[in-house]
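Just below is one structure, and these are the notes that go with it.
Chain letters run A, B, ... following the sequence lines, proteins first, then strands; residues in each count from 1.
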Amino acid sequence: MAASHSAKKFWKPGSEGPGISEERDLSSETTGSPVIYNPNTALSIENQRQRLPVFKHRNNILYLVETYQTVIIVGETGCGKTTQIPQYLMEAGWAAEGKVIGVTQPRRVAAISVAGRVAEERGALMGHEVGYTIRFDDCSDPQATRIKFLTDGMLVREMMADPLLKKYSVLMLDEAHERTLYTDIAIGLLKKIQKKRRDLRVIVASATLDAKKFHEFFNLNESGDPSKDTCGILTVEGRTFPVDIFYTISPVPDYVKATVETVLKIHETEDDGDVLAFLTGQDEVEKVSSLLVEHARTMSRQGMKKHLRILPMYSGLPYADQMKVFERTSPSVRKVVVATNIAETSITINGVVFVIDCAFVKLRAYNPRSAFESLVVTPISKASASQRAGRAGRNRSGKCFRLYTEEDYEKLPDATVPEMQRTNLAPVILQLKALGIDNVLRFNFLSPPPAQTMVQALELLYALGGLDNYGRLTDPMGLRMAEFPLSPMFAKMLLESANFGCSQEIVTIAAMMQIQNLFVVPPNQKKVAAREHRKFAVAEGDHLTMLNVYEAFIKHQKSSQWCQQHFLNYKGLQRALTVREQLRRLMNKFKVPKTSSEGDPDVILRCIVSGFFANAARIHHSGTYRTLRDDRELHIHPTSVLFGEKPPKWVVFNEVVQTTKYYMRDVTAVESSWLVELAPHFYKQAKHGSLASKRSRVL
DNA sequence: GAGCACTGC
C-alpha cells in the first residue's frame with residue numbers, strides 16, 4: 001500500500017501541466033479479465049498460486065473459517081482472494097461429503113471468467129469439479145461440482161427451491177462492497193439461514209470502508225466478550241501499481257471542456273500510455289469524443305508524430321463499436337477511451353495509465369412519494385473515486401487527474417448509497433415474501449430501505465393480487481408471480497394472458513421489453529436509423545411495435561444482416577429469444593395455455609392493462625399527460641413511437657424516467673373503460689366520464 | 001418540441 005506523505009500538488013486544466021505526484025491508497029478491485037496461461041513462459045500453476053499475496057494468509061483464513069461463522073475478508077486488488085480462497089477451502093475438506101463451496105459475483109461475465117481460471121488451475125474440465133451457474137447458462141454438475149461460481153441474483157433464486165441452501169458448506173460473497181441489490185438481499189437472508197444452520201460458513205469479501213459495517217451486522221455475540229465473537233476480519237494486501245493523484249487548484253466550471261483539455265495536456269506532456277476518461281452519460285461521451293477527434297485531426301495535420309485514437313464507450317453503443325476499446329494500438333498511437341461508469345467495474349481496459357475523473361455519475365434514484373424512478377447526476381463517493389483512479393494502476397504505475405479540488409474530494413461521501421435504498425422495492429418484497437419472510441418491514445436489512453418505499457411496494461403487490469388483505473402471498477397468483485424473473489407487473493400480465501387469449505403475443509412483448517437499446521441509433525446516422533425504425537411503428541404504441549420487430553426478426557430467419565440493415569440490436573434480439581424461451585417454460589409450468597390474438601390488437605392491449613393499470617395517464621388540456629394516481633405531469637419519451645404523433649387520450653406505460661422532465665417509456669394507447677373494468681379495485685368512474693384513483697382525491 | 005448510468009433473475 002502506498003503511503004501518502006509526499007507534497008500535494010495541483011494543476012489547472014488548460015494552463016500549467018500536471019505537477020508532482022501524490023500517492024494514495026487504492027480500493028479493492030473487481031476480478032477482471034481472464035488470465036491467459038502460456039505453458040512455455042509461465043511459472044508452473046502451483047508456483048503462480050503460491051506467489052499471490054493471499055497465499056501467506058492461507059492457514060489463517062482456514063483457521064478463521066473454522067472458528068467463526070462469518071469471516072470478513074478485506075482483499076485488495078490483485079490479492080488472489082476470489083480464485084484461491086475457494087481452493088484452500090476445498091483442499092481443507094470443506095467440499096467433502098458432497099458439499100459445495102459457492103462463490104457469488106455481481107456480474108455474469110465475472111462468474112464465468114473466474115470459474116474458467118479456477119478450473120484451469122485445477123486442471124479440471126469446466127462444469128465438473130469447478131463450475132458456474134448464471135441465468136440461461138448452468139455449467140455445473142449437481143453431483144460433481146465442488147466449487148461453484150454464481151451470480152448473487154442466482155443464489156437468491158436458489159433459495160426459493162432450497163431455503164436453507166443445504167448443499168453449501170461455505171458461501172463467499174465477492175465484491176460485497178459494491179452493495180448491489182442482490183448482494184444485499186443475499187446478505188440479509190444468509191444471516192437468517194445462519195441462525196438455523198450453525199455449520200454454514202459465510203465469507204464476505206469487501207473493501208476496507210465497509211468491513212466494520214459487515215462485521216457488526218454478522219456478529220451475533222451480544223456478550224461484549226470478544227472471545228465469543230461469531231465474526232472475524234482479515235485484511236489481505238493487494239498487488240497493484242501506485243497511482244499518483246492530481247487535483248485541480250480551483251473548481252472546474254465545465255468538466256466536459258476540462259476533460260478535453262486534460263486529454264490534450266496529457267498527450268503533449270506525458271510519456272506513452274492510454275487514457276481513460278469518466279463522464280456521466282452518452283451525450284457527454286459523444287461530445288467529448290467529437291471534440292477530441294477534431295483536435296486529433298488538427299494535430300495530425302500539424303505533423304504531430306504521436307496520434308490520438310478516440311474511442312467512446314457506453315452500454316448503448318453497438319457491440320462492434322464497444323469491442324474497439326479492447327483492440328491493441330500501435331506504439332505511435334495513444335488510445336483515449338471516453339466512457340461512462342461502465343468502465344468503473346463492468347469492463348477492464350488494459351494499457352490504461354492515465355485516468356481523468358469528472359467526479360460525477362448518473363445514478364438511479366427512487367421517489368417513494370411519486371413511485372417514480374429517476375436518473376440523477378450525482379457526485380461520486382470516495383470509494384468510487386478510488387476505484388476510478390485504480391484503473392490507471394493495473395499494468396504499471398499511473399496517474400489520475402481529478403477534475404476537482406482536494407477540498408471538494410474531502411466533501412464526497414465515503415460510499416455510494418446502496419441500491420436497496422434507491423430502487424422500487426416491489427420485486428424485492430415479492431421475492432422475500434416467497435422466501436417465507438412474512439414481516440418484510442422487520443427483515444434484517446444491512447441498510448434498511450425507506451419505510452415509505454416498502455409501503456408503496458406492498459400496496460402495488462396488493463393491487464396486483466399478489467398479496468391478500470393480511471399482506472400474505474396469495475396462492476396461486478402471488479406464488480407464481482414470484483417465480484418469474486421479471487417485475488411483478490410483467491408477471492401479472494403474463495399470468496393473465498390466457499384469459500385474454502393472447503399468451504403467445506404477450507410472452508413476446510414481455511421478452512422484448514427486457515432488452516435495452518433495441519433500436520440502434522449511431523450518432524452519425526440518426527436520420528437513416530429513424531427512417532428504418534418507423535417501418536415497424538404502429539399507432540397503438542411501443543408494445544405492439546416491439547411485437548412487430550420480433551415477428552419480422554423471426555420472418556427474416558433471425559438474420560444479423562437484416563438487423564444491421566434496419567438498425568436493430570442483434571445481440572439484444574438474440575437475448576429476447578432466450579428470455580422468451582425461459583418465460584414460455586414458466587408459463588407451461590403454470591399451465592397457461594398457448595393462445596394467439598390472431599391479429600386483434602385490442603385483446604393484447606387489454607392484457608397489458610391488466611398488469612400495468614397502475615401506470616396510467618390521461619391527456620391534459622395543456623397537451624401533456626397527467627398520472628391517474630396522483631395527477632403528476634408526464635411526457636412521452638422521445639424514443640417512443642408515439643412521440644410527435646397525435647397523442648392518444650389514455651395511455652399505460654412501463655416506467656417513468658426523470659431527466660429534465662418526467663418521461664414515460666414504452667407507452668401504449670388504451671381505453672379508459674378498460675382501466676375501470678380490469679382494475680376496479682384501483683380506479684372508479686368519476687364525474688364527467690373521467691377516472692379517479694381510489695387511493696387519491698376524486699378529480 | 002427532444003433524450004436513454006449500470007447490473008441481475
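Residues meeting the side chain to side chain donor-acceptor pair (under 3.5 Å) test with A:Gln282, sequence neighbours left out: none. Not a single salt bridge (Lys or Arg N to Asp or Glu O under 4.0 Å) links A:Asp283 to another residue, sequence neighbours left out.
Residues of residues 152-164 of chain A that place a heavy atom closer than 4.0 Å to DNA chain B, in numerical order, are A:Gly153, A:Met154, A:Arg157.
Atom CG in A:Leu430 sits roughly 12 Å away from atom C1' in B:dC9 (whole-Å rounding). What separates CG of A:Asn341 from C1' of B:dA5 is a distance of 7 Å, to the nearest Å. Residue A:Glu286 contributes atom CD, which lies 13 Å from atom C1' of B:dG3 at whole-angstrom precision. Taking atom CG of residue A:Leu173 and atom C1' of nucleotide B:dT7, one finds them 17 Å apart after rounding to whole Å. The distance from atom CG of A:Asp138 to atom P of B:dG8 is 17 Å, rounded to the nearest whole Å. Here B:dC9 presents its P atom at 9 Å from CD of A:Gln582, a figure rounded to the nearest Å. At whole-Å resolution of the value, CZ in A:Arg107 and P in B:dA5 are 18 Å apart. Regarding A:Glu581, its CD atom lies at a distance of 16 Å from the C1' atom of B:dC9, rounded to whole Å.
Base contact: A:Thr639 has a heavy atom under 4.0 Å from a base atom. Using a 4.0 Å heavy-atom criterion, one finds that A:Phe643 contacts the bases of the nucleic acid, with or without backbone contacts as well. When heavy atoms are screened at a 4.0 angstrom cut-off, A:Arg108 is found touching the sugar-phosphate backbone but no base atom. Contact annotation for A:Leu181: no contact, since no heavy-atom pair falls under 4.0 Å across all strands. The residue A:Gln431 sits apart from the nucleic acid: no heavy atom pair falls under 4.0 Å. A:Ile342 comes within contact range of the sugar-phosphate backbone alone, with a heavy-atom separation under 4.0 Å but no base atom that close.
Distances were taken from every side-chain heavy atom of A:Thr151 (C-beta onward) to each of B:dC6, B:dG3, B:dC9; the shortest belongs to B:dC9. In this structure, of B:dA2, B:dC9, B:dT7, it is B:dT7 that holds the atom nearest to the side chain of A:Ser315.
A:Leu494 CG to A:Leu486 CG: the interatomic distance, rounded to the nearest 0.5 Å, is 6.0 Å. We find the OG-NZ distance between A:Ser374 and A:Lys362 to be 11.5 Å, quoted to the nearest 0.5 Å. Within the model, atoms OH of A:Tyr132 and OG1 of A:Thr151 stand 11.5 Å from one another, a figure rounded to the nearest 0.5 Å.
A tilted orientation is assigned to the rings of A:Phe612 and A:His543, their planes being inclined by 30° to 60°. Using cut-offs of 30° and 60° for the angle between ring planes, the A:Tyr409 and A:Tyr404 rings count as parallel.
Between A:Gly281 and A:Leu486, the residue anchored closer to the 5' end of DNA chain B is A:Gly281, taking for each the nucleotide with the nearest heavy atom. Between A:Gln514 and A:Gln282, the residue anchored nearer the 5' end of DNA chain B, judged by the nucleotide with its closest heavy atom, is A:Gln282.
Of the side-chain N and O atoms in A:Tyr182, none sit less than 4.0 angstrom from OP1 or OP2 of B:dG8.
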A:Thr416 vs A:Arg179, test: side-chain contact (heavy atoms from CB on, under 4.5 Å). Steps then yes/no. CA-CA 9 Å; A:Thr416 311; A:Arg179 304 294 307 276; over 6 Å; no
